Every structure is written in structure tokens, then in C-alpha cells.
Undergrad: 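Quick one: the structure is below, and I'll ask about it shortly.
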Amino acid sequence: QKEVEQNSGPLSVPEGAIASLNCTYSDRGSQSFFWYRQYSGKSPELIMFIYSNGDKEDGRFTAQLNKASQYVSLLIRDSQPSDSATYLCAVNVGFQKLVFGTGTRLLVSP
Amino acid sequence: GAVVSQHPSWVICKSGTSVKIECRSLDFQATTMFWYRQFPKQSLMLMATSNEGSKATYEQGVEKDKFLINHASLTLSTLTVTSAHPEDSSFYICSARRAGVQETQYFGPGTRLLVL
């Protein structure tokens with residue numbers, strides 16, 4: 001079983017819609033969860049991090065964490081074509097290391 | 001804040017040569033830096049964890065004698081690909097963990113290596 005799993009997509013949504021990206025993880029000891037965005041040919045860019053159960057909002061982005069279900073999600077409201085990218089979920093393993101999922105490709109059509 | 005730079009952004013070299021890539025945290029001190037490799041259409045693969053002033057910790061399957069890592073200061077880590085071969089061609093990305101801020105990693109822009 002992979003440590004961090006994401007649906008590879010592509011997830012296609014129309015402009016203005018809500019995009020919902022999901023991630024599950026296997027290590028129950030994980031405490032820190034991150035979402036990165038990666039445009040094609042570029043390096044990852046941190047969008048949000050979440051440590052506590054529940055929701056965390058930052059502008060159009062909302063991260064949701066459910067430790068009991070080992071599930072973390074990212075909602076993007078009012079999706080824009082510029083949001084089209086691959087979204088990477090990352091989970092801490094141990095003290096320092098992050099393990100990344102394979103990413104979900106999001107396509108927002110005008 | 002939390003800007004990480006990498007140099008060079010692109011490098012083309014002949015098989016058998018060595019290539020050095022620098023990773024710098026520009027506006028914060030990084031006690032830990034990480035080196036990743038990403039092949040086309042694949043996810044990030046951690047190669048090694050670099051702690052300032054100590055030896056790097058390599059992931060399973062990564063040759064420490066081929067990928068030399070030096071983390072001489074709180075703002076600079078270097079990765080040297082020794083005796084590069086075409087199969088080493090990849091996108092190498094470093095990240096830096098901000099001291100005192102849990103596990104958040106900030107990524108550099110990456111270095112594309114092409115070995116001919």
C-alpha cells in the first residue's frame with residue numbers, strides 16, 4: 001500500500017465551479033499535511049498546510065483533515081483556468097521527511 | 001519570505017562528467033534541506049536529507065558515492081552528480097525546511113539536467 005494516495009485524474013471542472021481534490025494516507029502517526037501545486041515543468045509551490053482536524057480556509061482554498069479516516073482534501077472555490085495544474089498531497093513521516101502522493105491533475109475549462 | 005534558489009536552472013553535460021547544483025535559502029535559515037528527483041510525468045522522489053554540519057541521509061536505492069551532498073552552512077546545500085550518465089537526466093529539485101517551523105518545505109525552482 002502506498003503511503004500517500006491520490007487519484008491521478010485528470011479532474012475536469014468548468015470555470016467558476018468548485019474543484020475537490022482528495023488524498024488518503026497510511027501512517028496514523030502523521031501530524032502534518034500539505035498541499036502543493038505544480039505547474040508543468042515547474043517545481044512545487046506550497047498552497048496550504050493543515051495540522052488539526054477540521055477545515056482551514058485561505059482565500060479560495062479550503063483544506064479539510066479527518067485523521068480518524070486518514071483523509072485530507074483540498075477544495076478550490078471559483079476555479080479559474082490558471083488553477084489548472086497538478087496538485088500534490090504531502091504527509092510527514094517521522095520528524096523531518098515528507099512523503100508525496102503522485103498528484104492529481106486538475107483541468108479548469110473556460 | 002521563504003525563497004529558495006537553485007543554480008544552474010539548466011545544465012547539459014557529456015557522459016562521465018560531474019555536475020554541481022547549488023541550493024540556497026535566501027531569506028531564512030534552513031537547518032535541513034532535501035534533494036528530490038522527478039522524472040517526466042512522475043511524482044517527486046526524495047533522494048536525500050541534508051542537515052547542516054552533518055552527513056546526508058540517503059533514501060534506499062540512492063548511491064551516496066554518486067550523488068554527493070554537502071550542507072556547509074544554514075543557507076547552502078550542494079548536490080554533485082558524479083560521473084553522470086544519460087539515465088541521470090532528470091529534474092532535480094531542492095527544498096528547505098525553515099528552522100523552527102515544523103515540517104513545511106519550500107522548494108527551489110529546480111535544475112534540469114541533460115546528460116548526453
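In this text, all values refer to a predicted model and were calculated from it rather than measured experimentally. When reading the values below, keep in mind they use all heavy atoms of this one structure, side chains included, and skip hydrogens, waters and symmetry mates. Just so it is clear: chains get the letters A, B, ... in the order the sequence lines come, proteins before strands, and each one is counted from 1.
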Undergrad: Is the CZ atom of B:R37 crowded by more than 12 outside heavy atoms at less than 6.0 Å?
TA: yes
Undergrad: Using a 4.5 Å heavy-atom cutoff, which residues in residues 63-72 of chain B come close to chain A?
TA: none
Undergrad: Tell me, yes or no, whether the heavy-atom count around A:K56 atom NZ, taken from other residues, nucleotides or ligands under 6.0 Å, exceeds 12.
TA: yes
Undergrad: Testing the basics here: between A:Q38 and B:F91, what is the closest heavy-atom pair and its distance to 0.1 Å?
TA: NE2-CE2, 4.5 Å
Undergrad: Consider only side-chain heavy atoms of I, L, V, M, F, W and Y, link residues closer than 4.5 Å, and tell whether A:F61 and A:V108 are in one cluster.
TA: yes
Undergrad: State yes or no: do B:M45 and B:L79 share one hydrophobic cluster built from I, L, V, M, F, W and Y residues joined by side-chain heavy-atom distances below 4.5 Å, directly or via other members?
TA: no
Undergrad: Who pairs with A:S73 by side-chain hydrogen bond (donor to acceptor under 3.5 Å, both in side chains), at least two apart in sequence or on another chain?
TA: A:Q64
Undergrad: Has B:H7 got more than 12 heavy atoms of other residues, nucleotides or ligands less than 6.0 Å from its NE2?
TA: no
Undergrad: Can you confirm whether more than 12 heavy atoms, excluding those of A:M48, are under 6.0 Å from its CE atom?
TA: yes
Undergrad: A:S43 versus B:V4: any side-chain heavy-atom pair under 4.5 Å?
TA: no
Undergrad: Take A:E45 and B:Y106, measure what side-chain contact (heavy atoms from CB on, under 4.5 Å) needs, and give me the verdict at the end.
TA: CA-CA 7 Å; A:E45 172 192 9; B:Y106 298 92; over 6 Å; no
Undergrad: Do B:Q105 and A:F34 have side chains that approach each other closer than 4.5 Å (heavy atoms only, starting at C-beta)?
TA: no
Undergrad: Considering only residues two or more places apart or on different chains, which pairs with a residue in residues 14-23 of chain A satisfy side chain to side chain donor-acceptor pair (under 3.5 Å)?
TA: A:N22-A:Y71
Undergrad: Grouping I, L, V, M, F, W and Y whenever their side-chain heavy atoms are under 4.5 Å apart, do A:Y87 and A:V72 come out in a common cluster?
TA: yes
Undergrad: Is it the side chain or the backbone of B:Q38 that comes within 4.5 Å of chain A heavy atoms, both, or neither?
TA: side chain
Undergrad: Grab the two heavy atoms, one from B:I93 and one from A:P44, that are nearest each other, plus how far apart they are.
TA: CD1-CD, 4.0 Å
Undergrad: Taking it one step at a time, do B:L46 and A:K97 satisfy side-chain contact (heavy atoms from CB on, under 4.5 Å)?
TA: CA-CA 9 Å; B:L46 179 65; A:K97 198 164 71 169; 3.2 Å; yes
Undergrad: Are A:L11 and A:W35 connected in a single hydrophobic cluster, I mean Ile/Leu/Val/Met/Phe/Trp/Tyr linked by side-chain heavy atoms less than 4.5 Å apart?
TA: yes
Undergrad: Identify whether B:V62 and B:V81 are in the same connected component of the hydrophobic contact network (ILVMFWY, side-chain heavy atoms under 4.5 Å).
TA: yes
Undergrad: Out of curiosity, A:F100 CZ to B:L44 CG, how far, rounded to the nearest 0.5 Å?
TA: 5.5 Å
Undergrad: Using a 4.5 Å heavy-atom cutoff, which residues in residues 107-116 of chain B come close to chain A?
TA: B:F107, B:G108, B:P109, B:G110, B:R112
